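Encoded as structure tokens, the structure appears first; notes follow it.
Since we're looking at a predicted model, the values are computed, not measured.
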Amino acid sequence: MPVLAGAEPFRHEGGEVAVLLCHGFTGSPQSLRPWAEHLAEHGLTVSLPLLPGHGTRWEDLRITGWQDWYAEVDRELRLLCERREKVFVAGLSMGGALALRLAAKHGDAVSGVVVVNPANKVHGLAAHALPVIRHLVPATKGIASDIAKPDSRELGYDRVPLHAAHSLRQFFQVVDGELPQVTQPVLLLRSPQDHVVPPADSARILSRISSTDVKEVILEQSYHVATLDHDADRIHEESLAFIDRLAPGLVKEPGLGKEGTTAGG
């Protein structure tokens with residue numbers, strides 16, 4: 001299936017600091033593209049891949065699982081580490097869980113972690129029924145576009161395939177067990193009004209990671225997809241300041257970074 005217009009991956013060849021951005025479950029790179037472009041404008045190398053099964057139609061997601069999604073970002077991270085001096089990982093929602101697992105598994109190769117409304121668990125009684133109900137019901141209503149800003153929309157599926165949701169639940173259990181292996185500096189940004197991921201997920205993550213350099217930022221004006229919401233600029237500023245502190249002198253003013261290219265598709 002062709003990739004939906006706007007859901008294409010984004011890449012920019014910048015300087016010696018690289019950022020790998022991971023989008024969320026049933027979403028696409030579109031939800032993080034303004035963030036990716038902002039980082040690129042400041043001279044950073046940026047990779048924002050399209051996860052398998054995403055950005056086309058929900059039926060394509062049904063035949064993928066967490067191993068496929070993680071393998072994609074793991075491959076991207078390895079490529080960045082071969083080419084750049086410092087590499088940061090970042091993500092929204094499930095993308096936050098992917099970023100945290102990358103940090104847990106790759107250790108010192110990851111210089112820092114930025115997560116926005118990171119997910120840690122599939123909540124509700126229905127979650128426990130997923131192993132059975134996924135064989136009876138193909139999909140349920142979508143979770144995309146939880147945004148307070150009236151003129152903003154997330155490009156995501158309007159259905160959630162339950163086979164993939166079951167795999168997502170298994171992935172969260174894996175990541176939860178690995179969180180103590182996360183020792184890198186962490187910037188966690190969360191929305192108190194989030195209709196997809198409750199505050200308990202961020203609290204759980206912060207309580208289990210082993211990082212000592214941790215900052216939590218509250219995004220008061222946004223819902224779940226804060227990267228497209230009222231606090232998008234706050235996310236851009238906080239993440240750049242976080243990277244600049246850990247890689248001093250390598251974040252550039254717009255227009256002063258290394259020449260690079262962006263690519264979609």
Side-chain angles (χ1 to χ4, degrees), residues 3-10 12 19-42 44 46-51 54-58 61 88-99 113-120 123 140-160 168 186-203 205 215-243 254 262 264:
V3 173
L4 297 170
E8 303 89 356
F10 174 94
H12 175 82
V19 183
L20 170 59
L21 294 169
C22 310
H23 70 75
F25 182 64
T26 75
S28 75
Q30 178 262 355
S31 61
L32 299 183
R33 191 174 181 104
W35 189 9
E37 291 175 342
H38 187 79
L39 295 172
E41 287 169 3
H42 284 265
L44 305 183
V46 182
S47 176
L48 170 53
L50 174 64
L51 300 179
H54 292 76
T56 53
R57 56 178 189 165
W58 71 262
L61 183 57
F88 293 79
V89 293
L92 166 69
S93 195
M94 177 190 77
L98 289 168
V113 185
V114 183
V115 290
V116 179
N117 292 323
N120 178 255
H123 295 268
T140 187
K141 66 178 181 179
I143 56 173
S145 219
D146 182 37
I147 301 173
K149 193 175 182 180
D151 59 347
S152 187
R153 176 180 171 270
E154 181 186 23
L155 182 59
Y157 295 149
D158 60 1
R159 303 289 288 169
V160 175
L168 178 67
V186 171
L187 171 63
L188 186 149
L189 306 101
R190 68 173 180 87
S191 308
Q193 298 184 77
D194 186 328
H195 307 98
V196 178
V197 174
D201 284 31
S202 287
I205 289 166
K215 181 178 181 181
E216 182 180 15
V217 174
I218 307 301
L219 306 172
E220 297 284 358
Q221 306 301 317
S222 300
Y223 293 165
H224 182 62
V225 191
T227 50
L228 296 178
D229 217 326
H230 294 294
D231 290 298
D233 287 345
R234 180 85 185 276
I235 295 169
H236 300 170
E237 294 163 5
E238 291 282 355
S239 58
L240 266 178
F242 175 77
I243 293 168
T262 58

Rounded distance [0.5 Å steps], [atom1] in [X] versus [atom2] in [Y]:
X	Y	atom1	atom2	answer
D201	S93	CG	OG	8.5 Å
R33	L48	CZ	CG	8.0 Å
L44	L240	CG	CG	6.0 Å
L4	Q30	CG	CD	10.0 Å
E8	L155	CD	CG	9.0 Å
K215	L188	NZ	CG	12.0 Å

Please state whether the rings of [X] and [Y] are parallel, tilted or perpendicular, taking 30° and 60° as the class boundaries.
X	Y	result
F25	H54	perpendicular
F242	F88	perpendicular
F10	H12	parallel

(request) Could you please spell out the steps behind the side-chain contact (heavy atoms from CB on, under 4.5 Å) verdict for W35 and V116? (result) CA-CA 12 Å; W35 189 9; V116 179; 4.0 Å; yes
(message) By the definition side-chain contact (heavy atoms from CB on, under 4.5 Å), identify the one residue from L32, L20, L21 that meets it with V46.
(response) L21
Which atom of [X] lies closest to which atom of [Y], heavy atoms considered:
X	Y	result
P192	E220	CG-OE1, 3.7 Å
V3	T56	CA-CG2, 4.1 Å
C22	A99	SG-N, 4.4 Å
A7	G55	CB-CA, 3.9 Å
H38	H236	CD2-CB, 3.4 Å
S31	T227	O-OG1, 2.7 Å

Kindly say whether [Y] contributes a backbone atom to a donor-acceptor pair with the side chain of [X] at under 3.5 angstrom?
X	Y	value
D229	Y223	yes
S202	P199	no
N117	V197	no
T26	V160	no

(request) Could you list the residues that satisfy salt bridge (Lys or Arg N to Asp or Glu O under 4.0 Å) with R234, not counting sequence neighbours? (result) E238
Any non-hydrogen side-chain atom of [X] less than 4.5 Å from a side-chain atom of [Y]?
X	Y	value
L39	S239	yes
D231	D233	no
L98	L51	yes
P34	L228	yes

(message) If you apply the rule side-chain contact (heavy atoms from CB on, under 4.5 Å), what do you find for I218 with R190, and how did you get there?
(response) CA-CA 5 Å; I218 307 301; R190 68 173 180 87; 3.5 Å; yes
(request) Going by the side chain to side chain donor-acceptor pair (under 3.5 Å) test, name the single residue among Q193, H224, H195 that passes it with D146. (result) H195
